[in-house]
Structures are given as C-alpha cells and as structure tokens.
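Working notes for the structure below.
We count ligands from 1, going down the list as the structure has it; atoms in each ligand are counted the same way. Any value given below was found using the heavy atoms of this structure, including those in side chains, with hydrogens, waters and symmetry copies removed. From a predicted model like this one, the values you see are computed outputs, not experimental measurements.
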Amino acid sequence: MLTISRMKAILTPTLSAFTFQLPKTTHLALLTSKSFPCNPNPTTTLLPLYPTTLSSTCSIHLIQSRDVHMEPATLPPEFPGEIHVIVGPMFAGKTTTLLRRIQSESSNGRSVAIIKSNKDTRYGLDSIVTHDGAKLPCLALPDLSSFRQKFGLDAYDKLDVIGIDEAQFFEDLYDFCREAADNDGKTVIVAGLDGDYLRRSFGSVLDIIPLADSVTKLTSRCELCGKRAIFTLRKTEEAQTELIGGADVYMPVCRKHYVSGQVVMEAARTVLESQNVKCVSYA
Ligand SMILES: Nc1ncnc2c1ncn2[C@@H]1O[C@H](COP(=O)(O)OP(=O)(O)O)[C@@H](O)[C@H]1O
Ligand SMILES: Cc1cn([C@H]2C[C@H](O)[C@@H](COP(=O)(O)O)O2)c(=O)[nH]c1=O
Ligand SMILES: [Zn+2]
C-alpha cells in the first residue's frame with residue numbers, strides 16, 4: 001500500500017515527461033508477486049527496500065534505472081484546461097449560451113472553434129444556428145476524434161477554446177473532452193441534451209459531468225401552460241432515439257404536460273405499431 005509521503009514523492013514531477021528514471025543508488029525496488037512470492041499484494045508495487053526486515057525466503061530484484069522501461073508519461077500542461085457543460089431540453093437556449101460564451105472568449109483575444117455533429121444538416125454544415133436564427137461558423141464532424149486532423153495539427157495547438165454543440169450525438173465525447181482539457185490545456189464548452197424525448201440519458205453527455213468544472217442546466221417555457229419547461233416532448237409517432245427536427249417535431253414542456261402528453265403519444269405509437277404489425281402479418 002502507498003503511504004501519503006510516497007504518493008507525494010511519486011506525484012512531485014522531479015521526473016522528465018517522457019522517462020521514468022530511478023537513481024542507481026535508489027532504495028526502491030520494483031517488486032512483483034513473482035519476484036517476491038511472500039508479497040501479499042499480487043499487483044506490481046513500488047516498495048521501499050529494507051533488506052533486514054525481509055524474510056530469507058523472499059527473493060528480491062533491485063531494478064536499476066537503465067533496466068526500467070515504462071511507457072512515456074504525459075505530464076499535465078502548464079495551464080490546464082477547463083470543461084463547462086450546458087444541458088437542458090430543446091429550446092432552452094443551450095446553443096445561444098454556447099454562442100455567447102464563444103463570442104466572449106473570442107473578444108477576450110482567445111482563439112476559438114466550434115464543432116457540431118454532421119447528423120444535423122438542418123441549417124447546412126458550416127454554421128451552428130439557434131432557434132432564433134443567430135449563427136457562427138463551425139466544423140460539422142461525424143466524431144470528435146477527427147477534429148485535430150480536420151482542423152490542422154498546428155491550428156489545434158494554437159487553439160484556446162473549443163465549443164461543442166449537439167454533444168449528445170458524439171460517442172467519443174468523454175475521451176475528447178478529457179484529453180483536450182487534461183493534456184492539451186483547452187477550455188471546452190459543451191452544449192447538449194441531457195435527456196432524450198423519453199427522458200433517458202442521451203449519448204455521453206451525462207458521462208462528462210464528473211470531468212466538468214461547471215454544469216449549467218437551462219430551462220425553457222412549457223408550450224402548453226407557460227410554466228418552466230424541463231423536458232422535450234416528441235409530437236410525432238417516430239420511436240427511434242435520434243430524430244433530427246425542430247419545433248415541427250418537438251416542444252418544451254413542464255413535468256405535468258410531459259406526463260399527460262407522453263401518455264397520449266405512447267398510446268398513439270402503440271396503436272400505430274399494432275397496425276404496422278397487422279400490415280406485416282397480412283403481407
Ligand atoms: N417552443 C418554442 N418553439 C420555437 N422556438 C422557441 C420555443 N421556445 C423558445 N424558443 C426560442 O428558441 C430560443 C433558444 O434557441 P436555442 O439557443 O437554439 O435553444 P437550444 O439550443 O436549447 O435548443 C429561445 O430564445 C426562443 O426564442
Ligand atoms: C429530444 C430529442 C431530440 N433529438 C434531436 C432533435 C434536434 O435535432 C436535436 C436537439 O437540438 P437542440 O439544439 O437541443 O434544439 O436533437 C433527438 O434526436 N432525439 C430526441 O429524443
Ligand atoms: Zn405545462
């Protein structure tokens with residue numbers, strides 16, 4: 001087991017970024033359960049070497065620096081990044097908030113870029129557009145892992161802030177955000193739906209909450225009563241999770257109208273489904 005002082009010693013970056021070197025006169029030994037059969041911990045452990053206290057049945061291998069081979073360690077950047085998450089139902093102002101934050105970062109002299117999913121082709125692929133018509137240029141991509149390559153490696157290095165809209169459509173959201181903030185020092189601002197039309201967790205948006213510096217949940221106005229809307233009701237009978245659309249397909253609703261609306265829509269979907277099944281069985 002690692003003591004606090006040993007953990008501090010390991011975490012204190014007196015080591016180079018790419019090599020893990022032990023001085024030749026080290027009093028540390030890398031012991032595994034194989035080389036040290038009486039070790040109660042079966043995993044590889046860094047332990048102090050105190051030969052006098054060890055049982056004579058144990059064989060010990062003192063590994064000198066030239067023998068140690070470890071994967072290159074990546075130290076955090078000098079200025080670590082940040083992750084800010086904006087969630088809420090449709091029409092809550094997520095894209096508007098993202099645009100404002102990006103514009104404000106840009107006017108503070110920071111270099112910015114916005115990514116959206118190429119699944120949403122409603123307003124073309126070269127800009128993100130709010131339900132009010134405000135827009136900013138963006139890159140529409142199938143996944144986030146292709147961003148560095150598409151944006152250009154040099155341009156990526158110079159980038160300070162990355163905005164991601166429609167985050168629910170990106171499967172690799174977690175890895176991208178972690179790497180961009182932890183390793184590359186970027187500020188990442190993520191906007192997306194926390195829940196789908198059935199109020200189930202949507203894509204990987206909720207997975208990045210543990211990585212986030214801040215989480216903002218926005219609300220809209222219920223289209224049926226004007227109260228605070230926290231859910232998105234799908235007005236059509238389609239049942240698949242992903243269905244691109246705007247006010248023609250969805251409306252923001254309060255809890256009461258979600259529950260009553262969902263009962264009506266579920267009943268309609270069930271009727272349509274049973275009719276489809278009949279059609280298929282007659283065919
Ligand atoms: N029921 C609605 N139907 C259409 N537009 C709406 C509705 N409710 C609000 N809006 C408009 O949508 C704007 C928010 O748009 P946007 O930022 O694109 O939201 P989000 O990204 O959360 O879907 C609001 O400022 C408002 O003008
Ligand atoms: C609820 C819900 C939404 N979608 C789609 C519909 C829109 O194309 C986007 C959300 O856009 P917005 O910027 O938040 O207005 O997501 C979906 O595919 N499935 C759903 O359940
Ligand atoms: Zn309502």
- Item | D196 and ligand 2 - part of the residue with a heavy-atom distance under 4.0 Å | both
Write none if no such pair exists; otherwise list each N/O atom of ligand 1 with its protein N/O partner under 3.5 Å and the distance.
unit_1, atom_1, unit_2, atom_2, d
ligand 1, 1 (N), E223, OE2, 2.8
ligand 1, 15 (O), H131, N, 3.4
ligand 1, 17 (O), T96, N, 2.9
ligand 1, 17 (O), T96, OG1, 2.4
ligand 1, 18 (O), H131, N, 2.9
ligand 1, 19 (O), G93, N, 3.1
ligand 1, 21 (O), T95, N, 3.0
ligand 1, 21 (O), T95, OG1, 2.8
ligand 1, 22 (O), A92, N, 3.0
ligand 1, 22 (O), G93, N, 3.0
ligand 1, 22 (O), K94, N, 2.9
ligand 1, 22 (O), K94, NZ, 2.9
ligand 1, 23 (O), F91, N, 2.9
ligand 1, 23 (O), H131, NE2, 3.1
ligand 1, 25 (O), D132, OD2, 3.0
ligand 1, 27 (O), D132, OD1, 2.4
ligand 1, 27 (O), D132, OD2, 3.4

- Nearest to atom 18 (O) of ligand 2, what protein heavy atom do you find, and at what distance? L243 N, 2.7 Å
- Could you tell me which atoms of ligand 2, counted from 1 in the order shown, lie closer than 4.0 angstrom to a heavy atom of G245? 6 (C), 7 (C), 8 (O)
- Message: When you measure from the centre of the six-membered ring of F231, is the NZ or CZ of R199 closer than 6.0 Å and no more than 45° off the axis?
- Response: yes
- Item | Atom indices of ligand 2 within 4.0 angstrom of T232 heavy atoms, with elements | 1 (C)
- Closest approach of any protein heavy atom to atom 11 (O) of ligand 2, naming residue and atom: E166 OE1, 3.3 Å
- Task: State, yes or no, whether a side-chain contact exists between I162 and L159 at a heavy-atom distance under 4.5 Å.
- Result: yes
- Message: Do V87 and L99 sit in one hydrophobic cluster, given that two such residues count as connected whenever their side-chain heavy atoms are within less than 4.5 Å of each other, even indirectly?
- Response: no
- Message: Considering non-hydrogen atoms of the protein only, which is the closest contact for atom 4 (N) of ligand 2, and what is the distance?
- Response: Y250 OH, 3.4 Å
- Query: Could you go step by step and tell me if R228 and S220 meet the side chain to side chain donor-acceptor pair (under 3.5 Å) rule?
  - Reply: CA-CA 6 Å; R228 197 163 53 93; S220 186; over 6 Å; no
- Nearest protein heavy atom to atom 21 (O) of ligand 2, by residue and atom, and its distance? Y197 N, 2.8 Å
- Query: Is it true that the NZ or CZ of K186 lies under 6.0 Å from the centre of Y156's six-membered ring and within 45 degrees of the ring axis?
  - Reply: yes
- Have a look at ligand 2 and work out which part of L198, if any, has a heavy atom under 4.0 Å from it: side chain, backbone, both or neither. neither
- Validation row: N118, L125 side chains within 4.5 angstrom (heavy atoms): yes
- Does the pair T95 and D165 meet the rule for a side chain to side chain donor-acceptor pair (under 3.5 Å), with working shown? CA-CA 7 Å; T95 307; D165 200 19; 3.1 Å; yes
- Task: State, with a plain yes or no, whether a side-chain heavy atom of L136 is found less than 4.5 Å away from one of Q103.
- Result: yes
- Query: If you group Ile, Leu, Val, Met, Phe, Trp and Tyr whenever their side-chain heavy atoms sit less than 4.5 Å apart, what else falls in with V271?
  - Reply: none
- Between the main-chain N or O of L198 and the side-chain N or O of D196, is there a donor-acceptor pair closer than 3.5 Å? yes
- Message: Walk me through whether Q168 and E166 qualify under side chain to side chain donor-acceptor pair (under 3.5 Å).
- Response: CA-CA 5 Å; Q168 69 274 6; E166 309 281 11; 3.0 Å; yes
- State plainly whether the residues D182 and R178 are in salt-bridge range, i.e. N to O under 4.0 Å. no
- Message: Using side chain to side chain donor-acceptor pair (under 3.5 Å), reason through S146 and D143 one step at a time and then give a plain yes or no.
- Response: CA-CA 6 Å; S146 55; D143 49 52; 2.8 Å; yes
- Item | Within residues 248-264 or reaching into it, pairs that qualify as salt bridge (charged side-chain N to carboxylate O under 4.0 Å, His left out) - sequence neighbours excluded | none
- Can you pull out the closest protein heavy atom to atom 19 (N) of ligand 2? Residue, atom name and distance to 0.1 Å, please. T241 O, 2.6 Å
- Message: Under 2.8 Å from the Zn ion (ligand 3), which protein N, O or S atoms do you find? Ignore water molecules.
- Response: C222 SG, C225 SG, C254 SG, H257 ND1
- Task: Would you mind listing which atoms of ligand 2 come within a distance below 4.0 Å of any non-hydrogen atom of I244?
- Result: 8 (O)
- Message: Closer than 4.0 Å to some heavy atom of L193 - which atoms of ligand 2 meet that?
- Response: 1 (C), 2 (C), 3 (C), 10 (C), 14 (O), 16 (O)
- Item | Path from V190 to L144 over hydrophobic side-chain contacts below 4.5 Å | yes
- Proximal ligand 2 atoms for H131, defined as those under 4.0 Å from one of its heavy atoms: 15 (O)
- Message: As an exercise, identify every atom of ligand 2 less than 4.0 angstrom from a heavy atom of R234.
- Response: 19 (N), 20 (C), 21 (O)
- Item | The one among Q168, K94, E242 that brings a heavy atom closest to atom 16 (O) of ligand 2 | Q168
- Query: In terms of the angle between their ring planes, are F169 and F202 parallel, tilted or perpendicular, with boundaries placed at 30° and 60°?
  - Reply: perpendicular
